Amino acid sequence: MRFMLLFSRQGKLRLQKWYTATAERDKKKMVRELMQVVLARKPKMCSFLEWRDLKIVYKRYASLYFCCAVEEQDNELITLEVIHRFVELLDKYFGSVCELDIIFNFEKAYFILDEFLMGGEIQDTSKKSVLKAIEQADLLQEVYDYF
Amino acid sequence: MPAVSKGDGMRGLAVFISDIRNCKSKEAEIKRINKELANIRSKFKGDKALDGYSKKKYVCKLLFIFLLGHDIDFGHMEAVNLLSSNKYTEKQIGYLFISVLVNSNSDLIRLINNAIKNDLSSRNPTFMNLALHCIANVGSREMAEAFAAEVPRILVAGDTMDSVKQSAALCLLRLNRTSPDLVPMGEWTARVVHLLNDQHLGVVTAATSLITTLAQKNPDDFKTSVSLAVARLSRIVTSASTDLQDYTYYFVAAPWLSVKLLRLLQCYPPPEDAAIRGRLTECLETILNKAQEPPKSKKVQHSNAKNAVLFEAISLIIHHDSEPTLLVRACNQLGQFLQHRETNLRYLALESMCTLASSEFSHEAVKTHIETVINALKTERDVSVRQRAVDLLYAMCDRSNAKQIVAEMLSYLETADYSIREEIVLKVAILAEKYAVDYTWYVDTILNLIRIAGDYVSEEVWYRVIQIVINRDDVQGYAAKTVFEALQAPACHENLVKVGGYILGEFGNLIAGDPRSSPLIQFNLLHSKFHLCSVPTRALLLSAYIKFINLFPEVKGTIQEVLRSDSQLRNADVELQQRAVEYLRLSCIASTDILATVLEEMPPFPERESSILAKLKKKKGPGTVPDPEDNRKERCANINGATNHSSTTANAKASAPSFIGDLLAPVLPPINRPRPVSSLSLLPTPLTPLSLQAYAMPLSPSAGSHFQVSSPASDLLSLGSASTLNSTPPSAPKASASLLVDVFSDNSPTAPIGAPAVVVADENFSRFVCKNNGVLFENQLLQIGLKSEYRQNLGRMYVFYGNKTSTQFHNFTASVVCQDGLNSQLNVHAKPADPMVEGGAQLQQTLNIECLSDFVEAPVLNIQFRYGGILQNISVKLPVTLNKFFQPTEMGSQDFFQRWKQLGAPQQEVQKIFKAMYSMDSEVTKAKIIGFGVALLDGVDPNPSNFVGAGVIHTKTSQVGCLIRLEPNAQAQMYRLTLRTSRDTVSQRLCDLLSDQF
């Protein structure tokens, strides 16, 4: 996988993860371009499209689009389920995840994604293993006074 | 503001995010951010040392600001400090910041690497994981240098925790992708392969990804993974859905791992070991069987996961391309998906079938789905699915279904999305050419393309149709008629005007016999489009007009009038003005003979790979556009008549970009194009050429002389020049800026290697039977042109040797040999030629010919010269044929039949019945008979469609009268040719010569 993007129906980028070195300027351009393409698509259309030299696999969950760019030879359907599994993980962690959870706890969303995918490849497909890793981390933290 | 759900709430961060969200405008947001940045900067610079929590909070805020799309130029140091914190969350935020915002500040990298090193050796699995994640996320070269040795060690160490192993495997994968040279293969590789046997499926999954990546680069090092992968896969596909517990996903056992294992197996050919191979086949069959079972869940996740494995299995089956039963089963399965209600499955089935179509085992099975695919093209609402349908139709096309597929694509084109029109145009053009059985269909198809999607028809496409029409005598009349009709439309696309102008300029004479398309009507039709066209098209039309002056003397006045008008002669565009001036002058001063030579019909183009295919490949990326035919190793004659595809391509590669000073090439910078009139006006007499342009034939500024036949035979002849050609490439490419050459000159001149071989070239021999002028031979170095005239039993031939290179030919000799008794029948005296031919220059040699008695064989022209120190030998058959010594004889019907009866002895008559090789156009036939040398006698034969001619062959010793009758049978596409002469050898020879011409 080359990168994963989460963006809203309004075209606000909520999460971006790049698995190959890309210059900031190119990133911004690609994000803008791709969001336009994906947002223009109608609900019943298929979840795959060719874009530049990549295959795009995307799926909409409520107001959020999850969008992965994979290589030519990668399996589209399993990528769709990578997205779904990631959503399940978020859901399990936050408890009925919504866009706001991801906005306010963006760092957690990144941590979960990191536990699940690494270098663009799936690290562990077991929901339990991933969540165990995250929760262990949560246990390690101390409680601070606010401010 | 929602309650922070879990973990450490950073209230300040939440407030800040909330503020940003409440900003009503971009300006307000920037203002709020600047305020925050100032606050953070002062906190970082303040005297009071910040505690870990504050540092974490501020770093996190900076990260948030950065992710909003703003630049961050500080805070890196604080983030690095967090890495060495022993509090997990602080470390975690530090790593996150570094992963997202790393820059190549070397001091910082050293500090980061230090922190990572500490964490890797901490033996605390969570810390180790964080460090490995950071390496994988950053993946920079510096990191690869620092850790490429350490990570494999962690991966295979016996005491490493499973979760760390997973991270280490994927970290190594990332490093291998970014800096493969820094990741050493070593004894760890064997141990990595054995991770496929690991108990922990998470470890196996990560390891499979790593091994697949490594095996793609070093397949031999990981060969042993095949049997392990098959064993693992077999255990998964035969397990009950509950066996794998957490690794079962919506009732599908370990779909990710299955997909990855199948992917790994695609790095290798089918296993050689029969047992392993059998086991793998079983797995694949099981996967195919499962597709037929009722779903265990209605959830889309279940079907997606199941089908992901199925599609990957099909990919493997296609990759192996060795089990016909599996291939056909795969094809049937995909056929079911073609009608599935899930758009995603239809899309993938179309995509997968494309590759199946290229396997010889399943090509036929794929073809059975043609109706479904055509239906998809018509009914799918999603353009990306329709695109896949177009791709599949292209892939499944062969001779049997080409007409249907091309027709469907054409009709789809009328409504197709703009984004994919150009690609469809290219595909249609390629298929129409490749599978054309009759060329009228090809011409119709391309003209339709232009009509429907003219804007998307690139230059390559219309060049190609012209190239093919020029090369195929049998389609020229039809093409002329068709473009003439197409041009009748009140609004035609400019590309049609270009094609029409070019074709009528070359072949308008073939339809001029019909009063509805008389020369004047043709001209008026073309000229009615003139003012609506762009400059390049107008330039092309002007060239067509001058060609008209040659073809139809009767419209000369009209055309001169047009050329003389101020809008042409004083046109603001220099190219148009110059053409008008030159063409007008040419038409005024040149005799009809000169005009006929200058404006001669284009000779055939060299056979090359279709430039359209090259364009499509470029558009889609190499490898993604298989030439459908090549893949199936099916050999079909392509449209240019080349029956052997590979030889055509080899030929194309071998021939250097020819210099094509194309008369009809409109957009040339003036300096690069041979100026027609400048060469003409300098000619003192028609037959004394001056070499004004490199490689240009005298008298012929027309494309005809520059653009020559490069036949397989002439390539053979240039074998000896291989090494020199490489070391001193001809300067031709630079000068050849013509449109046509640009398109076709992708192939760089790679001359064939091998010993010099001398073959007598007779490629163009038969072209000269009915005409006297033209190009006889051409290779990369040399072009030989002929101009000849005959009277009674004497002839004079002017041979022009054009040096196409920029360097001299030394020791140039050209001699004529009459072999095997021919010397007693024919005298050929060659005046000695200059021994040196300058680069780009032309040499003329005169041959005097005397016919002593009738003859069959032809003299051979032997040429020798040194080019770049290498001796070149070229032999060409000279087209001195018996019919050249004809004097036409006019006679009336009565005379003719009287003589016909007189020559009634059986040995005096020779008759031949043969199939038409070219279109049976009566105008062309007439022209050929006259060109043969006899008088064409009208009103002699009671059947007006027959042709009758008479002439006398003059030899020194005798004169032989000759009567000819040619009876076409259009229905059967056959001819009957009857010749009667007083000498049987003459009858036979003339019959052989003439029957080759129709």
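Owing to the predicted nature of the structure, the values given are computational and were not obtained by experimental measurement. To find a chain, count down the sequence lines: A is the first, B the second, and so on, and within it residues start at 1.
Among A:Leu15, A:Asp53, A:Thr79, A:Asn75, the residue making the largest number of heavy-atom pairs under 4.5 Å with chain B is A:Asn75. The most heavy-atom pairs under 4.5 Å with chain B, out of A:Ala21, A:Ser126, A:Ser47, come from A:Ser126. Note on B:Gln266, B:Arg21, B:Arg346, B:Arg381: by heavy-atom pairs under 4.5 Å with chain A, the leading option is B:Arg21. The greatest number of non-hydrogen atom pairs below 4.5 Å with chain B, out of A:Arg14, A:Lys27, A:Lys12, A:Glu24, is found for A:Glu24. Your options are A:Leu49, A:Ile122, A:Thr20, and the one with the most heavy-atom pairs under 4.5 Å with chain B is A:Ile122.
With a 4.5 Å cut-off on non-hydrogen atoms, A:Lys17 touches chain B through its side chain but not through its backbone. Contact of A:Ile103 with chain B is made through backbone and side chain together, with heavy-atom distances under 4.5 Å. For A:Val31, no part lies near chain B; criterion is any non-hydrogen pair under 4.5 Å. Only the side chain of A:Glu76 comes within less than 4.5 Å of a heavy atom in chain B; its backbone stays farther off. At a 4.5 Å heavy-atom cutoff, the contact between A:Arg85 and chain B is made by backbone and side-chain atoms alike. B:Arg177 touches chain A through its side chain: at least one heavy atom from C-beta onward sits under 4.5 Å away, while N, CA, C and O do not. Proximity to chain B is absent for every atom of A:Leu13, based on heavy atoms less than 4.5 angstrom apart. Contacts between A:Phe48 and chain B at a heavy-atom distance below 4.5 Å involve backbone atoms as well as side-chain atoms. Proximity to chain A is limited to the side chain of B:Phe66, based on heavy atoms less than 4.5 angstrom apart. Contact annotation for B:Ser167: both backbone and side-chain heavy atoms come within less than 4.5 Å of a heavy atom of chain A.
Counting only heavy atoms from C-beta outward, the side chains of B:Tyr95 and A:Asp114 never approach each other to under 4.5 Å. Using a 4.5 Å cut-off on side-chain heavy atoms (C-beta onward), B:Asn137 and A:Met118 make no contact. Looking only at side-chain heavy atoms (C-beta outward), B:Tyr249 and A:Ile78 stay at 4.5 Å or farther from each other. A 4.5 Å side-chain heavy-atom check between A:Arg41 and B:Ser384 finds at least one atom pair inside the cut-off. Contact check for A:Leu77 versus B:Leu345: side-chain heavy atoms found under the 4.5 Å cut-off. With a 4.5 Å cut-off on side-chain heavy atoms, A:Glu107 and B:Cys60 count as touching. Using a 4.5 Å cut-off on side-chain heavy atoms (C-beta onward), B:Asp382 and A:Lys44 make no contact.
Summarising the geometry, atom CG belonging to B:Leu96 is positioned 5.0 Å from atom CZ belonging to A:Phe111; distances are rounded to the nearest 0.5 Å. Atom CG of A:Leu100 and atom CD1 of B:Ile17 lie 10.5 Å apart (nearest 0.5 Å). With rounding to the nearest 0.5 angstrom, the NE2 atom of A:His84 is 7.5 Å from the NZ atom of B:Lys299. Note: A:Lys59 NZ to B:Asn344 CG = 8.5 Å, rounded to the nearest 0.5 Å. Atoms CD and CE, from B:Glu380 and A:Met45 in turn, are 10.5 Å apart once rounded to the nearest 0.5 Å.
The 12-atom threshold is not exceeded at CD of A:Gln36, counting heavy atoms of other residues, nucleotides or ligands nearer than 6.0 Å. Counting heavy atoms of neighbouring residues, nucleotides and ligands inside a 6.0 Å radius, atom CZ of A:Arg52 exceeds 12 of them. The environment of A:Asp26 atom CG is dense: over 12 non-hydrogen atoms of other residues, nucleotides or ligands sit within 6.0 angstrom.
Across all their heavy atoms, B:Ala305 and A:Glu81 have their closest contact at N-CG, 4.3 Å. In terms of heavy-atom proximity, A:Gly119 sits nearest to B:Leu173 at O-CD2, 4.4 Å.
Under 4.0 Å is where a charged nitrogen must lie from a carboxylate oxygen, and between B:Arg174 and A:Glu121 no such pair does. Between B:Arg388 and A:Glu50, at least one side-chain N (NZ, or NE/NH1/NH2) sits under 4.0 Å from a carboxylate O, which counts as a salt bridge.
Taking the six-membered ring for Trp and thresholds of 30 and 60 degrees, B:Phe64 and A:Phe106 have ring planes inclined between 30 and 60 degrees apart.
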